[in-house]
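Have a look at the structure below before the remarks.
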Amino acid sequence: MNEDLKFIVDTAKEAMDDAIVHLAKRLLTIRAGKASPAMLQGLMVSYYGSPTPLSQVANVNTPDGRTITVQPWEKSLMQEIEKAIINANLGFNPMNNGENIIINVPPLTEERRKDLVKQARSEAEDSKVGVRNDRKNANNDIKKVDDASEDEKANAEVDIQKLTDIHIKKIEEVLSKKEEEIMTV
């Protein structure tokens with residue numbers, strides 16, 4: 001295969017792999033019934049006037065399957081962290097005991113589980129769109145290669161389609177695992 005075509009195929013594979021990694025990270029933030037520090041991932045706290053990730057101003061732990069504890073490194077941040085948790089609209093009601101912020105994670109209702117499955121499907125669909133866009137970009141790049149025969153270009157497009165199919169199937173597998181995790185009571 002022509003070096004330019006091989007580079008295009010390799011680049012497309014990397015981009016498609018990145019889409020799956022991104023999906024896995026996004027699905028971590030979707031709650032699945034048991035408490036996890038990932039539920040608070042991406043939460044920003046006002047730290048001396050500038051937004052700072054919660055993980056940079058506090059320890060976040062899960063002592064059991066229904067509780068998340070947040071231990072701020074500075075006691076003055078307690079109200080800011082509580083406010084950030086409430087404003088994030090995660091459905092949590094933080095309790096402050098003077099040293100830690102304790103969040104009791106309520107069990108999911110059937111309706112809430114179905115909503116979370118819809119959210120997971122939406123994330124998976126976004127990843128599929130990303131993979132398809134990577135395919136489109138790679139195919140456009142293949143057409144622009146001057147020093148390759150039409151057969152080499154056609155073979156490269158077939159390789160790109162195979163990669164696309166493989167990655168779409170991986171996305172489906174990741175989604176079905178997450179759906180099962182969400183729906184398990």
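For the pair Glu125 and Arg132, the salt-bridge criterion is met [side-chain N within less than 4.0 Å of a carboxylate O]. Looking at Asp17 and Lys13, a side-chain N of the basic residue comes within less than 4.0 Å of a carboxylate O on the acidic one, giving a salt bridge. A salt bridge links Lys178 to Glu181: at least one charged side-chain nitrogen sits closer than 4.0 Å to a carboxylate oxygen. Classification of Glu80 and Lys83 as a salt-bridged pair holds, one side-chain N sitting under 4.0 Å from a carboxylate O.
Minimum heavy-atom separation, Ala124 to Leu175: CB-CD2, 3.8 Å. Listed here is the closest heavy atom pair of Val145 and Ala148: CG1-CB, 3.9 Å. Shown here for Ile8 and Ala138, the closest heavy-atom pair between the two residues is CG2-O, 3.6 Å. Nearest heavy-atom pair, Ile20 versus His167, reported as atom, atom and distance to 0.1 Å: CD1-CD2, 3.5 Å. Closest approach of Leu5 to Lys153, counting heavy atoms only: CD1-N, 4.0 Å. Nearest heavy atom pair, residue Ala84 against residue Leu43, reads O-CD1, 3.5 Å.
Here the side chain of Asn61 pairs no donor or acceptor atom with the backbone of Pro63 at under 3.5 angstrom. Checking side-chain atoms of Asp4 against main-chain N and O of Asp147 turns up no donor-acceptor pair under 3.5 Å. A donor-acceptor contact shorter than 3.5 Å links the side chain of Thr11 to the backbone of Phe7.
Environment of NZ in Lys75: crowded, with over 12 heavy atoms of neighbouring residues, nucleotides or ligands closer than 6.0 Å. Annotation: Glu180, atom CD; neighbour count of heavy atoms from other residues, nucleotides and ligands within 6.0 Å does not exceed 12.
Neither side chain, Asp115 nor Gln119, offers a donor N or O lying under 3.5 Å from an acceptor on the other.
Residues passing the side-chain contact (heavy atoms from CB on, under 4.5 Å) test with Asn97, sequence neighbours excluded: Glu99, Asn100, Ile102. The salt bridge (Lys or Arg N to Asp or Glu O under 4.0 Å) search around Glu82 returns none, not counting sequence neighbours.
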TODO: May I have the step-by-step check of salt bridge (charged side-chain N to carboxylate O under 4.0 Å, His left out) for Asp165 and Lys169, ending in yes or no?
DONE: CA-CA 6 Å; Asp165 295 341; Lys169 187 175 180 200; over 6 Å; no
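Legend: side-chain hydrogen bond (donor to acceptor under 3.5 Å, both in side chains) pairs involving residues 45-56, not counting sequence neighbours, sorted by first then second residue: Tyr47-Glu74, Tyr48-Glu74.
The structure places OG1 of Thr164 at 13.0 Å from NZ of Lys136, a figure rounded to the nearest 0.5 Å. Put simply, CG on Leu28 and CG on Leu23 are 10.0 Å apart, with the number rounded to the nearest 0.5 Å.
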